[in-house]
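First up is the structure itself, then whatever we jot down about it.
Here is the naming used below: chain letters follow the sequence lines, and residue numbers restart at 1 for every chain.
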Amino acid sequence: MAILEVDNLKAYYVTQTFGRSSTVRAVDGVSFHVNKNEIYGIAGESGCGKSTLLKAISGLVKPPLQILGGEIRYNFADQQLNILDLKDEKQRRRLRGARISLIPQGSMSVLNPVRRIKKSFEDVIYAHLDVSEGEFEELVKNHLEALGLDWTVMHTYPHQLSGGMRQRVTIALSTILRPEIIFADEPTTALDVVVQRGVIQLIKKIKEEQQNTLILVTHDMSVHATLCDRLAVMYAGEIVEEGDVKSLFGSPKHPYTSMLLSSLPKIGDKSARVSAPGAPPSLANPPAGCRFHPRCPYAVDRCRQETPALRQLNETHRVACFLQEAGSMELQGRAANEQ
Amino acid sequence: MLKKYYIPRLIQYFTVLFIGVTLVFVIPRLLPSNPVEHQLSRMMAQGQYLDPSAIQAIRETLEQLYGLKGGIFEQYVDYFKRLFTGDLGPSFTQFPTPVTTLIRQSLPWTLGLLLASLSISWIVGTVLGGIRVSFPRSKLARLIELLIMGVRPIPYYIVALVLLILFAFLWPIFPMSGGYRMGVKPGFNLPFILDLLRHAFLPILSMVIIEIGGWFLQMRNVASNIVEEDYVVYAEASGLPKAKIIFMYIVRNAIIPQITGFALNIGFIFGGALITEIVFAYPGMGYLLYSAILAGDYNLIMGINIFSIVGVSTAMLIVDLIYPLLDPRVRYQ
C-alpha cells in the first residue's frame with residue numbers, strides 16, 4: 001500500500017528582482033509513490049531538485065519556493081491527507097517531527113550551537129507530546145540505549161561531539177517520536193567512509209525496529225545499492241527512471257542512469273571509470289525536448305524537440321526515454337553497437 | 001578554563017592599561033610647546049613685572065605642580081606614583097582645582113545621558129531587528145525598516161538641531177540648554193528629578209534616533225544569517241513552535257554580538273558625547289574635553305584620556321569575562 005503518493009508535483013523558485021521575475025523549475029512534474037515499509041531512494045547530481053522535492057513533500061515550503069501544482073497525499077493508518085491542502089501552519093507543524101521526520105545532511109550546524117543536546121531533545125519532544133520530566137527521560141533513555149548511545153551526550157554541546165557522533169545524535173533526535181515516514185537528506189555527506197558505514201547501519205537498524213518508511217536522498221549510488229528497495233533517478237527536476245534496485249542496477253534503461261552507474265567502482269573491474277561528461281542544465285532555462293539530450297551520446301532529432309514521458313516498462317520499472325519506446329529499434333541497435 | 005581563558009585576558013587587560021597610560025604620558029611631552037613657559041609668558045604678557053629670581057621660583061613651582069621636574073624617567077616614575085594615589089594634578093585653566101574634581105563634576109551628567117540613550121536605542125533596535133527577521137512578510141516591520149534606514153544617514157548634528165528648533169524654540173515644551181534649571185536645588189527630590197528628565201529628554205531623544213539604526217542593522221543582519229542556518233531549518237522540520245524557534249534559536253543566538261557591542265559602548269561613555277553636549281550645552285565629559293583642548297589644559301586632557309582608556313579596556317575585559325556564559329563554544333576552547 002502506498003503511504004505517500006506524489007502526483008505531478010511542480011515546485012518552482014520564483015524570485016522578483018527589480019520587477020523582473022525569474023523562475024527556477026527545481027521540481028517539474030514529478031510523480032511517484034512510496035509503499036509502506038520500504039526504503040525509497042532518490043538519486044541524482046547536485047542541483048537536480050532532490051532537496052527541493054524533499055522540502056515540498058515535508059511541507060517546508062517558504063518563499064521563494066512555491067508549489068505551482070500537483071498533489072502530495074499521505075495515507076496514514078488513521079488519516080489521509082493532502083499536505084498542500086493544509087493551509088494552517090500549525091497543522092503542518094504537528095505533522096513534522098512527529099509523523100514525518102527529517103534526517104538532515106551531516107553538517108556542522110544541524111544542532112543549535114548554544115543549546116545543550118538535552119535542550120534540543122526537550123524542544124522536539126515537548127513540541128509534540130505532553131509528557132512529564134520522568135516520562136521524557138525514560139523515552140530518551142530507551143531510545144538512546146537502543147541506538148547504542150550514552151545518556152551522557154545529553155549534557156554536551158554540539159561542538160563537543162565529533163562529526164559522526166553529532167550525526168548519530170541528530171538521527172536519534174529525528175526518530176525519537178517513531179515517525180511513520182523518515183526523509184533522509186544526504187545523511188552521509190560530509191562524513192568519512194568509516195563513519196558513513198556506521199550511520200547507514202544505524203538508519204537501517206532504526207527502520208527495521210520502528211517499521212517505518214524511509215525515503216533516502218543522496219547522490220551516492222553505492223548507498224542506494226546497499227539500502228534501497230526502489231530507486232528513482234532525477235535529472236534536471238524530473239524523474240527519468242524509477243525501478244526496483246535490482247533491475248535498475250542490473251539493466252539501467254536511461255542513458256543517464258548508465259552514466260551514473262558506470263562511474264561506480266566495481267570489484268575485479270580494473271578498467272578506468274568513466275564519468276558523465278558535462279554538467280546538469282540550468283533549471284531557470286532547461287533545454288527543450290528531453291532535458292538530458294545535450295549530454296546524451298544517443299540523442300537524435302526527436303530528443304531535441306519532444307519531451308519523453310515517464311513510461312511504464314514493466315510492473316516495477318519506469319523510464320523516460322525514446323530509446324526504450326517501440327519503434328525506436330534503430331536507436332536501440334545503435335546504442336547496443338556503441339556499448 | 002581559569003588558566004587558559006581568564007588569566008591571559010587579565011594579563012592582556014593590564015598590559016593595555018599600562019601601554020595606554022604610558023602613551024598619555026609620552027604624547028604631550030613630544031609637543032614642541034612647554035606648558036610651564038606657556039604659563040610664564042602668559043603672566044608676563046599681563047604686564048606684571050617679575051625679577052629673574054622670582055621667575056625662577058615660579059618656574060620651579062610650576063614644574064613641580066605639572067610633574068615636569070627632573071629627567072624624563074624621574075617624571076615617569078613620579079607620574080605613576082601620583083596616578084596610584086588618584087592624583088591627576090591640577091587643571092591649568094581652572095587652577096588650582098584638581099582634574100579629578102572637574103571630572104567628578106562632569107561624569108554623572110555624561111553617564112546618565114549616554115547610559116540612557118545607549119540602553120533605549122539598544123533595546124528598541126534589537127527588538128525591532130528581531131521582529132523584522134522573524135516576520136519577514138509583515139508590512140509594518142518593513143515600514144519601520146524603511147523609516148530607520150531613512151533616518152540613519154542624516155548627520156547627527158542636524159537631527160539634534162532640528163529637534164532643538166522644533167521642541168525648544170517653535171514649540172517650546174523643552175528647555176534650550178543646560179542640565180537643570182537655575183534655582184532648582186540639586187538633590188534627590190521630585191521637582192529636581194522631573195526637571196532633570198525634562199532637560200535630558202531632547203539630548204537623549206536625538207541620540208536614540210540616530211543610534212537605533214546601527215543596532216537594528218546589526219541585529220537584522222546577524223539574525224537573517226541565522227535564519228538560513230541548518231539548525232533553524234532543522235528545528236522547523238522537527239515541528240517546533242514558531243515562538244520557540246524565534247526566541248531560543250534565532251534571537252538567542254543573534255543577541256550575542258549585540259551584547260558585545262553594548263558592553264563596548266559602555267566603555268566609550270567616558271569620552272563623552274561631544275556634539276550632543278555642545279548643541280544642548282549639556283555639562284558633560286565631552287564638553288569638558290573640548291574646552292580643555294581649546295585652552296591647552298594638558299593635565300585635564302590627560303586625565304580624561306586616562307578615564308577613557310580605563311573605561312574602554314575595562315568594558316572589553318567584562319565582555320571577555322561574560323562571553324563564556326553567552327557562548328558555550330568559547331567556554332570549552
Side-chain angles (χ1 to χ4, degrees), chain A residues 51 54-55 57-64 89-117 119-129 155-161 166 170 173-177 179 182-183 185 190, chain B residues 1 4-5 126 130 132-139 141-142 145-146 219 222-260 319 322-333:
Chain A
S51 295
L54 261 202
K55 270 188 207 158
I57 316 175
S58 51
L60 271 176
V61 179
K62 272 200 302 193
E89 172 61 23
K90 255 192 197 141
Q91 284 173 297
R92 267 180 283 164
R93 184 176 77 65
R94 244 177 265 142
L95 214 60
R96 289 199 301 261
R99 306 200 79 162
I100 58 179
S101 134
L102 177 76
I103 296 175
Q105 276 198 15
S107 79
M108 283 294 288
S109 57
V110 167
L111 298 163
N112 190 340
V114 302
R115 250 167 132 60
R116 285 185 200 275
I117 306 290
K119 281 275 173 202
S120 294
F121 271 83
E122 282 174 5
D123 288 347
V124 172
I125 291 174
Y126 292 137
H128 296 287
L129 297 180
H155 302 297
T156 57
Y157 285 100
H159 68 273
Q160 293 171 286
L161 303 172
R166 208 163 25 227
T170 312
L173 184 55
S174 295
T175 53
I176 187 135
L177 296 171
I182 303 170
F183 298 102
D185 186 6
Chain B
M1 182 65 193
K4 269 183 161 167
Y5 189 83
T126 305
R132 174 69 185 88
V133 174
S134 308
F135 302 95
R137 270 167 287 177
S138 154
K139 286 240 161 52
R142 269 193 224 177
E145 179 180 38
L146 210 67
M219 183 70 184
V222 174
S224 58
N225 280 335
I226 288 177
V227 169
E228 311 272 306
E229 285 281 351
D230 289 342
Y231 57 82
V232 175
V233 176
Y234 181 56
E236 278 166 0
S238 305
L240 263 54
K242 190 157 182 175
K244 181 132 233 165
I245 294 177
I246 288 176
F247 286 110
M248 297 317 293
Y249 284 71
I250 299 172
V251 171
R252 162 72 175 84
N253 295 32
I255 215 157
I256 297 172
Q258 293 288 104
I259 290 176
T260 315
V319 170
I322 59 171
Y323 215 84
L325 299 178
L326 300 170
D327 194 338
R329 283 166 294 186
V330 175
R331 209 177 304 168
Y332 292 97
Q333 259 162 25

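Using a 4.5 Å cut-off between heavy atoms, A/K62 contacts chain B through its side chain alone, with no backbone atom that close. Looking at B/Y249, the atoms closer than 4.5 Å to chain A (heavy atoms on both sides) sit in the backbone and in the side chain alike. The part of A/L60 that comes within reach of chain B is its side chain, from C-beta onward, which places non-hydrogen atoms under 4.5 angstrom from that chain. Interface remark: A/L177 contributes no atoms to any contact with chain B (heavy atom separation under 4.5 Å). Proximity to chain B is absent for every atom of A/P179, based on heavy atoms less than 4.5 angstrom apart.
The two residues A/R93 and A/A127 make their nearest non-hydrogen contact at NH1-O, 3.8 Å. Smallest separation of non-hydrogen atoms from A/H128 and A/A98: ND1-CB, 3.6 Å. Nearest approach of B/R142 to B/R137, heavy atoms of both residues: NH2-CA, 4.1 Å. Here the shortest heavy-atom pairing between B/Q258 and B/M219 reads OE1-N, 3.4 Å. Scanning all heavy atoms of the two residues, the minimum distance from B/V232 to B/I226 falls at CG2-O, 3.3 Å.
Chain B forms more heavy-atom pairs under 4.5 Å with one residue of A/I100, A/V124, A/L102, A/D123 than with any other, namely A/D123. When each of A/K90, A/R115, A/R94 is scored by its heavy-atom pairs under 4.5 Å with chain B, the top score falls to A/R115.
For the pair A/E122 and A/K119, the salt-bridge criterion is met [side-chain N within less than 4.0 Å of a carboxylate O].
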